[in-house]
Protein chains: 2
Amino acid sequence: MIQSIDRAAKVLNLLQGARHLGISDLAAAMELPPSTVHGIVKALQAHKLVAQERIGNRYVLGPALVKLSSVYLDTLDVRARAIRWMHDLSRETGFASRLGVELFGDVLVIHHDGRPDGSEQMPETGASIPSHASAIGKVLLAFNSEHADDVFANPLRELTGYTITDAQELADDFMSVRKNLIAYENEEAVIGESSIAAPVCDSTGDVVAAVAIVIPSNETPVDEATLTRLIETARNISRDLGTPSWPPTPN
Amino acid sequence: MIQSIDRAAKVLNLLQGARHLGISDLAAAMELPPSTVHGIVKALQAHKLVAQERIGNRYVLGPALVKLSSVYLDTLDVRARAIRWMHDLSRETGFASRLGVELFGDVLVIHHDGRPDGSEQMPETGASIPSHASAIGKVLLAFNSEHADDVFANPLRELTGYTITDAQELADDFMSVRKNLIAYENEEAVIGESSIAAPVCDSTGDVVAAVAIVIPSNETPVDEATLTRLIETARNISRDLGTPSWPPTPN
DNA sequence: AATTGCATTCGACAATGTCGAATGAACCCC
DNA sequence: GGGGTTCATTCGACATTGTCGAATGCAATT
């Protein structure tokens, strides 16, 4: 592992968590001399991966990340295929839909299609949610034991009073996810919001993503037709990607 | 400048341009031995800034960029303030709106509010457009001579038959932008699409962004009220940011 | 089965990044 | 308004670290 690149990435991660940091904040957090951190930050700044605040001398993440991220999203086959099916899903069910993948134990939302009712929509793409508190996460974990082990390695953080923090309870949940191809989450991450997710497979047959619909809690439970429609959407995306087997097998 | 970080950033840029590249492609492009590039790529991969394709052994940009980008966007004061005003603008005028900043001589779109007619919307946030062929770019250049010099240093690339490729003609255009606080662009970047932009200032009084409305060419020209509404939006955002002076002064 | 075109591993060398001390700038408090 | 404090920033010597070339391994293609 190249030391300075590793340190540069750590700088980006720290800025991701803290938004605005000075050189000495970073130096303290990384336990390095300020001059060393300064060199790293200046190298990142030259590529606009970080930027200096206009007033004050703290540093923030830079605009180049937006372009990189946008190109990443465009290269993702799953996303390209999912967009059409998700739009149909949202239009027909009336619920917002999300597509998520795993990132360092959390769920990263890589596409979002809003409710068709024209309400003001916050862009949710890029948001990340702890896996154990999201329907998408439960699907990804239930079908990938490697990711699941990572999550079980640490205590499950409580986000709301309904978050599942007991490992055994979560593991039991996975059994039914594998059996029914559906994961539920009821106000486990955000009060007032529930979600339901289904697995998406790529051409290797592995579960690489999950689609979900997001439901205001006062509209739960949803009818059987909506559930069928969600699984259908997941299967359509998977088929587009050339999955060799459906339903998917746990890995 | 730290060499290995510089090289790592170059790797990200190459992947941004080419989507999928193998180690030897990267090595050739950077004129470095493959083993050197391999080390760099593996360091980036450990942080998921790049990822390896599931089939084949080429590399692509990684998911961590999405989260970083999303945090960057959230930290941007301009964007946070602009979102509400832009939504109102789009709803009242019926046109899609964009917010853009400068990035390496191009315009980077940092927010997009779709047409209110419910048509399927491609997310445009993250897109980048050559400054000289966009209304947003013309605003940013007209009010920032440093950026303008950068752009004039290279020949102006022709994107459509209507792109302004003559430096003098573009400079003349800037005069009226500074005077009227409005820049126009008619099919200069994309056939069938025109746009109109106005400057946004921050608390230092500098023009740091521009808002635009995007107009299908068959709906041009737009009426006077729409233009006024656009400038008003720009002023409202600027006022929210605490600009000390309006109209802005060229820098 | 042999060959080609890759990615990947390894170890020696020296170029490179690192660190500590010195400088400079900005801010705050008295 | 001046002295003090807290930062970011610059600089140069040192040795740690990244770099490179050669060797290996893997897989696809013929």
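All of these numbers come straight from a predicted model, not from anything done at the bench. Numbers restart at 1 for each chain; the letters A, B, ... are given by sequence-line order, proteins then strands. As a basis for the values below, the full set of heavy atoms in this structure was taken, side chains included, without hydrogen atoms, waters or symmetry mates.
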Whole-Å distance between [N] [atom2] and [X] [atom1]?
| X | N | atom1 | atom2 | answer |
| --- | --- | --- | --- | --- |
| A:Ile23 | C:dA26 | CD1 | P | 16 Å |
| B:Met30 | D:dG18 | CE | C1' | 14 Å |
| B:Gln3 | D:dC20 | CD | C1' | 12 Å |
| A:Asp6 | C:dG17 | CG | C1' | 14 Å |
| B:Arg7 | C:dA15 | CZ | P | 13 Å |
| A:Ile2 | C:dA15 | CD1 | P | 18 Å |
| B:Asn57 | C:dT8 | CG | C1' | 10 Å |
| A:Leu26 | D:dC7 | CG | C1' | 13 Å |

On the nucleotide [N], are OP1 or OP2 found under 4.0 Å from the side-chain N or O atoms that [X] carries?
| X | N | value |
| --- | --- | --- |
| A:Tyr59 | D:dC7 | no |
| B:Ser35 | D:dC20 | no |
| B:Gln52 | C:dT8 | yes |

Candidates [options] - which lies nearest the side chain of [X]:
| X | options | result |
| --- | --- | --- |
| A:His38 | D:dT10, D:dC20, C:dT18 | D:dT10 |
| A:Ser24 | C:dA21, D:dT19, D:dA8 | D:dA8 |
| B:Leu32 | D:dC20, C:dT8, D:dT9 | D:dC20 |
| A:Ile40 | C:dG20, C:dT18, D:dC20 | C:dT18 |

With sugar-phosphate meaning primed atoms plus P, OP1 and OP2, does [X] contact a base, only sugar-phosphate, or nothing at under 4.0 Å between heavy atoms?
| X | value |
| --- | --- |
| A:Ser4 | sugar-phosphate |
| B:Arg58 | nothing |
| B:Gly22 | sugar-phosphate |

inquiry  = Under 4.0 Å between a side-chain nitrogen and a carboxylate oxygen: does that hold for A:Arg84 and A:Asp88?
reply    = no
ask   = Quick one: do A:Asp206 and B:Arg54 make a salt bridge, cutoff under 4.0 Å?
value = yes
remark   = Of A:Pro34 and B:Glu31, the one whose closest nucleotide on DNA chain D sits nearer the 5' end is A:Pro34
inquiry  = Tell me whether A:Asp106 contacts the main-chain N or O of A:Leu103 through its side chain, where contact means a donor paired with an acceptor under 3.5 Å.
reply    = no
request  = Please answer whether the main-chain N or O of A:Ile110 pairs with a side-chain N or O of A:Arg79 as donor and acceptor at a distance below 3.5 Å.
outcome  = yes
key: Identified side chain to side chain contact (heavy atoms under 4.5 Å, CB included) partner of A:Leu61 from the options A:Val66, A:Val11, A:Leu15   = A:Leu15
